[in-house]
Number of protein chains: 2
Amino acid sequence: MTTVSENDHINLLRQHDLRPTRQRIALAGLLFNAPCRHVTAETLRAEVAAQGIPMSLATIYNTLNQFSRVGLLHEINLDDNVRYFDTNTDHHHHFFDPKTNDLIDIPAGAIGLRSLPEAPDGRSVERVDVVIRLA
Amino acid sequence: MTTVSENDHINLLRQHDLRPTRQRIALAGLLFNAPCRHVTAETLRAEVAAQGIPMSLATIYNTLNQFSRVGLLHEINLDDNVRYFDTNTDHHHHFFDPKTNDLIDIPAGAIGLRSLPEAPDGRSVERVDVVIRLA
DNA sequence: AGGCAGTTTAGAATAATTTTAAATTATTTC
DNA sequence: GAAATAATTTAAAATTATTCTAAACTGCCT
Ligand SMILES: [Mn+2]
Ligand SMILES: [Mn+2]
Ligand SMILES: [Zn+2]
Ligand SMILES: [Zn+2]
């Protein structure tokens, strides 16, 4: 009954001081069984609904925010003022298709960034994000 | 009374089939007199208010959208679900400071992009945006 | 089992942006 | 130059994404 990946997810949640509730286990199952996913609160809600799991939208937002805070997800902002959450937390870049709102991962090594300019005054670079917008 | 740059802006608006209304001329003055500006609807509204020019927020949004549509502005989306409008419409990149929400331009030539991956299937690359997030 | 803290929830609240439809203003026509 | 026309502006309502509130629930520790 309890699948192997479900136990993995329970452990994953515990490692991040998140109680393994039914809701968080279900969302971890949807998010972390595939190697790399890009979801919004609404696309994830549709998946939850499709599985017949009852869950409030507030819980989906709470959980996405908690998963991001502990580093299980990575936030991306693109056109149309909707937040995307990325299950790939390695450093990487994206193709973005504005017609379909699809995101495709590009491994960091696939883009050679030469000659980055200096960060201003006393600032340091936290991250470099490349988005290749498709036509 | 009518300044030289105001006449320039009237011509600029006419060139893009936009009637030179008082509101659009005032906004063009705020936006296009400095070489490069990054504004949101609200920062621009504050500037309009500071000059004592009466203007509804809807007009500010309408105008920013119209200016974008005709290519006088360029839209940028970052954290916090607010749209930024950039008066620099040349191809260029940005430093972004998440503490202050400041954007700093980086000329396209200052970043060397080597080995861009192929666009998927029949797609082509419309634009490459690099955001260097500061810590 | 009992108790407590953490979590979920429905619904209200907030924030950014768009829409509506009426009033105003810029251009065209006379 | 005034009237007619069409585009623009506006206040207010609507929409959309997200967060907050406070009450109900549930996982965990004893
Ligand atoms: Mn100018
Ligand atoms: Mn929003
Ligand atoms: Zn990704
Ligand atoms: Zn810029």
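So that the names make sense, note that chain A is the first sequence line, chain B the second, and so on, each numbered from 1. Because only heavy atoms are used, hydrogens play no part in the values below, and waters and symmetry mates are left out as well, while side chains stay in.
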Next on the checklist: In this structure, how many angstroms lie between the P atom of C/dT14 and the CD atom of B/Glu42, rounded?
Outcome noted: 16 Å
Checklist entry - If you look at every strand shown and take non-hydrogen atoms under 4.0 Å, does A/Asn65 touch a base, only sugar-phosphate, or nothing? => result sugar-phosphate
Next on the checklist: Just the rounded figure in Å: distance from C1' of D/dT8 to CG of B/Leu27.
Outcome noted: 13 Å
Item to check | B/Arg83 vs C/dA16: side-chain N/O to OP1/OP2 distance below 4.0 Å | outcome: no
Checklist entry - Toward the 5' end of DNA chain D, which comes first, B/Asn81 or B/Ser56, by nearest nucleotide? => result B/Ser56
Item to check | Atom pair distance, as rounded to whole Å: CZ in B/Arg14 and P in D/dA7 | outcome: 15 Å
Checklist entry - Taking atom C1' of D/dT10 as reference, at what distance in whole Å does atom CD1 of B/Ile53 sit? => result 16 Å
Next on the checklist: Using the side-chain heavy atoms of A/Thr59, tell me which of these nucleotides is nearest: D/dT8, C/dT17, C/dT8.
Outcome noted: C/dT8
Item to check | Working for salt bridge (charged side-chain N to carboxylate O under 4.0 Å, His left out), residues A/Arg83 and A/Glu42 | outcome: CA-CA 10 Å; A/Arg83 292 157 70 206; A/Glu42 282 300 339; over 6 Å; no
Next on the checklist: Contact between A/Val48 and A/Leu30 at the side-chain level, heavy atoms closer than 4.5 Å - yes or no?
Outcome noted: yes
Checklist entry - What's the closest nucleotide to the B/Arg19 side chain, out of D/dA17, C/dT8, C/dT27? => result C/dT27
Checklist entry - When you measure from the side chain of B/Thr63 to the backbone N and O of B/Ile60, does any donor-acceptor pair fall under 3.5 Å? => result no
Next on the checklist: What is the distance, to the nearest angstrom, from the CG atom on B/Asp17 to the C1' atom on C/dT28?
Outcome noted: 16 Å
Checklist entry - Can the ring centres of B/Phe85 and B/Tyr61 be said to be less than 6.0 Å apart? => result no
Checklist entry - Which of these nucleotides, C/dA26, D/dA7, C/dT9, is closest to any side-chain atom of B/Pro20? => result C/dA26
Next on the checklist: If I take atom CD in residue A/Gln66 and atom P in nucleotide C/dT7, what distance separates them, rounded to the nearest angstrom?
Outcome noted: 7 Å
Next on the checklist: Students often get this wrong, so: under 4.0 angstrom with heavy atoms, is A/Thr21 touching a base, only sugar-phosphate, or nothing?
Outcome noted: sugar-phosphate
Next on the checklist: Just N and O in the side chain of B/Asn62: are any of them under 4.0 Å from OP1 or OP2 of C/dT18?
Outcome noted: no
Item to check | Intermediate values then yes/no, side-chain contact (heavy atoms from CB on, under 4.5 Å), A/Phe95 and A/Asp102 | outcome: CA-CA 8 Å; A/Phe95 285 114; A/Asp102 272 351; over 6 Å; no
Next on the checklist: What is the separation between atom CZ on A/Arg24 and atom C1' on C/dT8, rounded to the nearest whole Å?
Outcome noted: 10 Å
Checklist entry - For B/Arg22 and C/dA26, is the shortest distance between a side-chain N/O and OP1 or OP2 below 4.0 Å? => result yes
Checklist entry - A/Leu57 CG to D/dT19 C1': how many Å, rounded? => result 10 Å
Checklist entry - Does B/Gln23 place a side-chain N or O at less than 4.0 Å from the phosphate oxygens OP1/OP2 of C/dT24? => result no
Checklist entry - Can you check whether A/Tyr61 has a side-chain N or O nearer than 4.0 Å to OP1 or OP2 of D/dT19? => result no
Next on the checklist: Ring-plane angle category for B/His94 and B/His38, please: parallel below 30°, perpendicular beyond 60°, tilted otherwise.
Outcome noted: perpendicular
Checklist entry - Counting any heavy atom closer than 4.0 Å, what does B/Arg45 reach on the DNA or RNA strands: base, sugar-phosphate only, or nothing? => result nothing
Checklist entry - Mapping B/Ala58 and B/Leu18 onto DNA chain C by nearest heavy atom, which one lands closer to the 5' end? => result B/Ala58
